[in-house]
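The block underneath contains the structure these notes are about, expressed in structure tokens.
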Amino acid sequence: MNTRKSMLSGWGQYPQQLTERLTPHSKRGISEHLAHSSSLDDSPSLIARGLGRSYGDSALAEQVMQTEHLNHYMAFNADSGELECAAGVSFAELLAIFVPRGWFLPVTPGTKFVTVGGAIASDVHGKNHHVHGCFSQHVTQLTLALANGEVVTCSPDDKAQLFRATCGGMGLTGVILQARFKLIPIESAYIQQRSYKSANLAETLALFEEHDSATYSVAWIDCLSTGDKLGRSLLMLGEHATDGELQAHRDSKLNVPLNMPGLLLNRYSIQAFNTLYYHKHTQTHAQSSLHYEPFFYPLDGIRNWNRLYGKNGFTQYQFVLPKSAGLEGMTRILKAIAESKRGSFLAVLKAFGEANDHYLSFPTEGYTLALDFKIDATLFSFLEKLDRIVLDYGGRLYLTKDARMSEATFKQSYPQWQTFQEVRHQYGADRVFNSLQSQRLGL
Amino acid sequence: MKNILVIGATSAIAEQTIRLYAQQGSNLLLLGRDEEKLQLICNDANVRGAHEADFLRLDVNDFDSHASVLEKAYTKLGRLDLVLIAHGSLPNQQACQQQVSTTLRELNTNAVSTISLLTLLANQMEQQGWGTLAVITSVAGDRGRQANYVYGAAKGMLSIFLQGLRNRLYPKGVHVLDIKPGFVDTPMTADFPKGPLWANPQAIANSIVKAVERKRNTLYTPFFWRWIMLIIRNIPEFIFKKMKL
């Protein structure tokens with residue numbers, strides 16, 4: 001097995017950690033490594049890592065086990081759409097192969113550069129959460145290497161506790177080796193998009209309610225507008241088109257080759273962008289057909305866009321508030337952000353459907369907002385202020401984006417954390433699988 | 001639809017090449033030693049769109065089995081459009097210097113076994129009057145260096161063998177492609193520190209598929225190795241012998 005030691009970080013480039021990177025070439029290599037390291041009295045902290053798209057410190061440890069060589073497909077049933085593949089297969093690779101044959105992912109996050117294993121460990125959601133739930137809810141079986149190297153399968157019916165701990169479990173139960181899940185049939189690679197413009201937050205939330213039967217919905221929100229324009233948004237709805245070619249995406253040519261000066265994204269440039277973007281859409285209602293790439297993955301077009309935030313990095317603050325708290329809680333948070341003048345280049349609002357029963361899964365029925373903030377000396381104290389509002393309303397933060405929440409905040413907002421710990425302990429995972437994040441959160 | 005035979009199918013470069021041909025809907029027969037891995041690669045190729053992918057076990061160092069395994073392969077595939085030979089090992093040069101048997105074993109794995117297979121395959125291809133023989137050699141075969149001259153000698157022997165074969169089979173309509181990769185990041189080279197000259201097996205596979213299509217004779221891959229090797233080959237020996245390469 002190849003090992004390298006280097007500074008490593010998540011997508012937000014914060015924090016950085018000196019890490020030994022293991023790149024096992026096979027499932028057997030993973031098992032053997034685990035069997036060996038779990039037999040040591042004092043083994044380094046270890047966590048699986050896919051494409052490193054989680055923003056904070058959830059895929060950082062003294063050792064990371066990269067799944068890049070677990071990139072095989074096992075089987076595909078062209079009648080049911082059920083696919084079994086190794087955990088290191090990326091959504092981008094998968095789409096390139098299956099879109100031309102008329103199949104699409106049941107759920108996809110806002111980037112296709114995630115692995116199947118990462119998608120399960122983060123229990124990722126997409127623009128269809130309100131109708132189709134999280135990615136893991138489409139997983140019928142997964143194969144996991146446990147702490148002692150033993151390989152087991154689990155499903156919603158078999159070793160259900162292990163399954164529920166692993167989906168959304170941030171890699172803390174074992175190394176996901178492969179998974180079986182159902183693709184959905186499509187007739188076209190295109191999406192019929194409708195967009196609506198709202199004047200304020202109340203209108204935005206009402207639009208989500210009104211269009212809750214749309215398959216895909218998401219709103220871009222102007223987080224620097226204030227007063228009676230607070231929360232003005234562009235709501236985008238989508239349905240898979242029935243005409244248009246089954247053409248997969250192309251690799252992007254644009255790249256940010258190195259870290260940009262941190263000053264590039266400042267409150268003026270962000271305000272200008274937000275105002276222009278809002279007014280770019282002159283009509284209150286528009287309709288168009290576009291390829292799945294710009295609809296689902298607008299930022300994938302610029303490789304390494306995270307470098308736009310400069311070398312100090314950034315964090316994405318994504319929280320969810322229960323539906324009952326929606327308007328009031330969201331208004332308080334948006335006001336706090338607007339007052340702080342900390343703009344977020346992208347602020348994305350989405351209505352979630354019902355929560356699933358995975359112990360550390362993030363989504364719960366209500367509204368989620370995701371904001372990118374450049375890291376500076378005063379950011380974290382500001383975010384703690386926001387944490388208190390989120391907790392007041394019974395909300396929580398997304399572990400996949402998190403780099404800084406406190407143990408107390410986590411334990412208060414994820415009530416099933418103890419059950420999760422028990423399952424981890426039962427499988428011996430707590431001794432071996434630990435990330436910077438799990439240590440920070442007291443797991 | 002192409003009928004493709006791959007020998008040494010579990011090698012990283014072969015595997016990536018198999019993926020590309022699978023996506024084109026080819027009919028693939030994979031030969032190798034590790035049956036578990038062959039099964040994995042076969043299943044993968046089938047999901048990726050191969051018309052059919054199957055495998056047979058072959059230990060290239062079991063010379064006596066070559067003819068019978070190849071016979072089975074001909075029966076299974078019928079006409080051969082492409083044969084890719086990709087097996088090989090990276091000898092430990094120091095160990096070879098200490099042990100004659102190690103040197104001979106490495107020469108067998110990297111050259112003699114391939115020549116045995118090629119001898120049989122060439123006759124089959126000559127008879128059918130069609131197809132491409134593509135063999136992975138190495139830039140290391142272009143000039144002997146103290147760091148790995150056993151490997152270099154084996155690969156160089158292959159390249160010269162392929163030249164002759166190309167010359168012989170050209171009038172018969174059979175094409176011979178000599179693939180010379182530079183540094184490639186594979187399990188075979190896992191212990192080496194990697195630098196900017198290193199390529200990934202996907203890039204090598206892409207260039208192989210293109211070179212087969214265009215009936216190239218010798219493929220240096222990535223392309224810049226053609227120029228690097230041109231320089232290396234042209235350094236006068238009285239200077240070269242003093243260099244630490």
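Scope of the values below: all heavy atoms of this structure, side chains included, with no hydrogens, waters or symmetry mates. Reminder, nothing fancy here: chain letters follow the sequence lines and each chain counts from 1.
In summary, the aromatic rings of A/F104 and A/Y292 are positioned with their centroids under 6.0 Å apart.
With a 4.5 Å cut-off on non-hydrogen atoms, B/E36 touches chain A through its side chain but not through its backbone.
Ion pairing of A/R250 with A/E293 is absent here, as no side-chain N (NZ or NE/NH1/NH2) approaches a carboxylate O to less than 4.0 Å.
Taken from CG in B/L245 to CD in B/Q146, the straight-line distance is 8.0 Å, to the nearest 0.5 Å.
Considering only heavy-atom pairs separated by less than 4.5 Å from chain B, the leading option among A/E84, A/H69, A/R28 is A/R28. Comparing B/Q23, B/R19, B/K37 by how many heavy-atom pairs each has under 4.5 Å with chain A, the most go to B/R19.
When each of B/V6, B/L158, B/V135 is paired with B/I85, the side-chain contact (heavy atoms from CB on, under 4.5 Å) condition holds for B/V135 and for no other.
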